[in-house]
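Atoms within a ligand are numbered from 1 in the order they appear, just like the ligands themselves.
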Amino acid sequence: MEKVFYVTTPIYYVNAEPHLGHAYTTVVADFLARWHRLDGYRTFFLTGTDEHGETVYRAAQAAGEDPKAFVDRVSERFKRAWDLLGIAYDDFIRTTEERHKKVVQLVLKKVYEAGDIYYGEYEGLYCVSCERFYTEKELVEGLCPIHGRPVERRKEGNYFFRMEKYRPWLQEYIQENPDLIRPEGYRNEVLAMLAEPIGDLSISRPKSRVPWGIPLPWDENHVTYVWFDALLNYVSALGYPEGEAYRTFWPHAWHLIGKDILKPHAVFWPTMLKAAGIPMYRHLNVGGFLLGPDGRKMSKTLGNVVDPFALLEKYGRDALRYYLLREIPYGQDTPVSEEALRARYEADLADDLGNLVQRTRAMLFRFAEGRIPEPVAGEELAEGTGLAKRLRPLVRELKFHVALEEVMAYVKALNRYINEKKPWELFKKEPEEARAVLYRVVEGLRIASILLTPAMPDKMAELRRALGLKEEVGLAEAERWGLAEPRPIPEEAPVLFPKKEAKVEAKPKEEA
Ligand code: ME8
C-alpha cells in the first residue's frame with residue numbers, strides 16, 4: 001500500500017493574536033508532517049484561519065475595522081507566527097476564500113436537496129465566544145463551561161440540519177472503529193454524548209443580525225453558521241469534490257484538535273460528512289489544554305495567554321518546539337511556563353545534546369586530525385539503529401513525549417560511553433581504538449539527529465554540519481550503522497544551544 005498521510009490543525013479564529021495554545025497544536029501537526037515525510041509518506045499538511053462568525057465580526061467592530069480588512073490583517077499574524085516557528089504547511093486555507101465558499105455552498109445544496117435541512121424556530125442559551133448554544137445541563141453554575149461567562153437566551157428563525165437522524169449510525173461507526181477518536185478518554189466522552197438525543201443542528205444565522213458569513217444558496221437572508229462553514233475547510237482545501245489531492249489524501253486524514261472543540265469534530269462533522277456522502281476521516285486526535293500561569297486554560301478570553309513571540313525570540317524556534325513536544329503528554333492538560341522551558345533547554349539541549357557535540361568536535365580535533373575516522377562496527381551503540389522502529393508506533397500513537405525521551409536517553413548513553421571509554425587516555429596507548437570510539441559517537445549523533453529532525457529541523461541540520469555529516473534524506477538512514485563517511489569536519493561551528501544568562505518569567509500578556 002502506498003504510504004499517504006494527511007494532517008490538519010483547527011483553523012484558528014482571527015479574533016485575536018496567536019498564543020502558545022495555538023502554537024502547540026500547530027507544532028504537533030508540523031512534527032507529524034515532518035516525521036511522515038522523513039519516513040517516505042506522501043504527506044499533506046493543512047492549517048489556516050476561520051474568518052466568519054459572530055465573534056470575529058464583533059472583534060472587527062470593536063477594532064473599528066471593516067471585517068475583511070480585519071481578517072486579512074489578523075490572518076497574516078498567524079502566518080507570521082507559523083513562519084517563525086518553522087511550520088512547513090503545504091496549504092493555508094482561509095474561509096473567506098472563493099475556493100472554500102464554493103464548496104460550502106455545494107455541500108449545503110446537496111444536503112438541502114437530500115431533505116436533511118429544514119426551517120424552524122430555535123430558542124436556547126448561547127455563548128457568543130463559543131459561537132454555540134448550550135443546554136442548561138452543560139452550563140457550569142449557569143455560566144459557559146469554557147469561558148465562565150453568562151450566556152444569552154436567544155430565539156430566532158434558523159435552518160436546521162437533521163443531525164439526530166444520523167446518531168445511531170455514528171454510534172455504531174465509533175463502536176466499530178475503536179481508534180477513530182484518540183486518546184480513548186475522549187472517545188468515551190463522545191459515546192456518552194451519543195447515548196442521548198443530540199437534536200438537530202441550527203446551521204444558519206439571520207443576515208440581519210450577523211451579516212458576515214457565507215449566504216445559504218437557497219435563501220440570501222441567512223448566512224451559514226460558522227461551524228458548518230469552518231469544518232468543510234478540511235475538504236475544500238483539497239479541492240473537493242473533483243481534486244486529485246482530495247482523492248489522494250482525504251481517506252488518510254488525521255485531524256488534530258483541542259478538547260474544547262471535540263463535539264463539533266466528533267458529532268457535527270461526521271454527521272455532515274455522512275449526509276453529504278463524503279467518507280469519514282481516519283483519526284480525530286484530541287489534545288488537552290495548556291494551562292496558563294494561573295492554572296486555568298490558556299485562552300485569549302481569560303487573558304492568561306503566554307506570548308509565543310517572546311519565547312521564540314529568547315530561546316529560538318527549535319527549543320520551543322522541543323519543549324512543547326517533550327513536556328506535554330498528548331491529550332493531557334499540562335501547565336506551561338518559561339521556567340519549565342528553560343529547565344528543558346539547559347538540561348536536555350545545552351548540557352546533554354549541545355555539550356556532546358562540543359566535546360566530540362574537540363576530541364576529533366585532538367585525536368583524529370579534525371576528521372571523522374574510518375568506519376568501525378558499532379558495539380553497544382549500534383542499538384541506536386533500532387530506535388526508528390521503536391519510535392514509529394509511538395509517533396503514530398501520539399506518544400511524542402515518550403519518543404523524544406527515548407532519543408534523549410540514547411544521547412545520554414553516548415555521553416556515558418565517552419566517559420567510560422575515556423578516549424583521552426586510550427589515545428596514549430591505542431590511538432586506533434580512541435578513533436574507533438569517536439567514530440561510534442559520531443554515528444550515534446548522526447542517528448539521533450535524524451530522529452530529532454521533525455522536532456528540531458534547523459538545529460539538527462546545524463548539528464550535522466558541525467560534524468561534517470551530509471544532509472540526511474530519510475528515516476531509513478537512522479536504521480543503518482556506518483553511514484558517516486571519513487572526512488574533515490568544519491573548523492568553526494556555532495555553539496548549538498548556548499546557555500541563557502538572565503532569568504525572566506513569562507508574564508500574562510497584559511502585564512508584558
Ligand atoms: O475553535 N491549550 O478556533 P480557536 C491547548 N475556529 N490548545 C489550545 C489552547 C490551550 N490553552 N487554546 C487554544 C476554533 N488551543 C475554531 C476551530 S476548526 C474547523 C474550527 C488550540 O482559535 C486547540 O487546538 O478558538 C483548540 O482546539 C484551538 O486552538 C481552538 O482555536
Between Tyr186 and His265, is any side-chain donor less than 3.5 angstrom from a side-chain acceptor?
-> no

Scan side-chain atoms only and decide if His100 and Asp229 contain a donor-acceptor pair under the 3.5 Å cut-off.
-> yes

Could you pull out the closest heavy-atom pair between Ala29 and Phe45, with the gap in Å?
->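 The answer is CB-CE1, 3.6 Å.
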
Can you name the side chain to side chain donor-acceptor pair (under 3.5 Å) partners of Gln105, sequence neighbours left out?
-> none

Does NZ or CZ of Arg77 lie under 6.0 Å from the centre of the six-membered ring of Phe309, at an angle within 45° of the ring axis?
->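 Ring-cation test returns yes.
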
Which protein residues have a heavy atom closer than 4.0 Å to any atom of ligand 1, listed by chain and number?
->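 Residues near ligand 1: Pro10, Ile11, Tyr12, Tyr13, His19, Gly21, His22, Thr25, Asp50, Trp227, Ala230, Leu231, Asn233, Tyr234, Ile257, Gly258, Asp260, Ile261, His265, Gly288, Phe289, Leu290, Lys297, Met298, Lys300.
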
Heavy-atom count around Arg392 CZ within 6.0 Å, excluding the residue itself: above 12?
-> yes

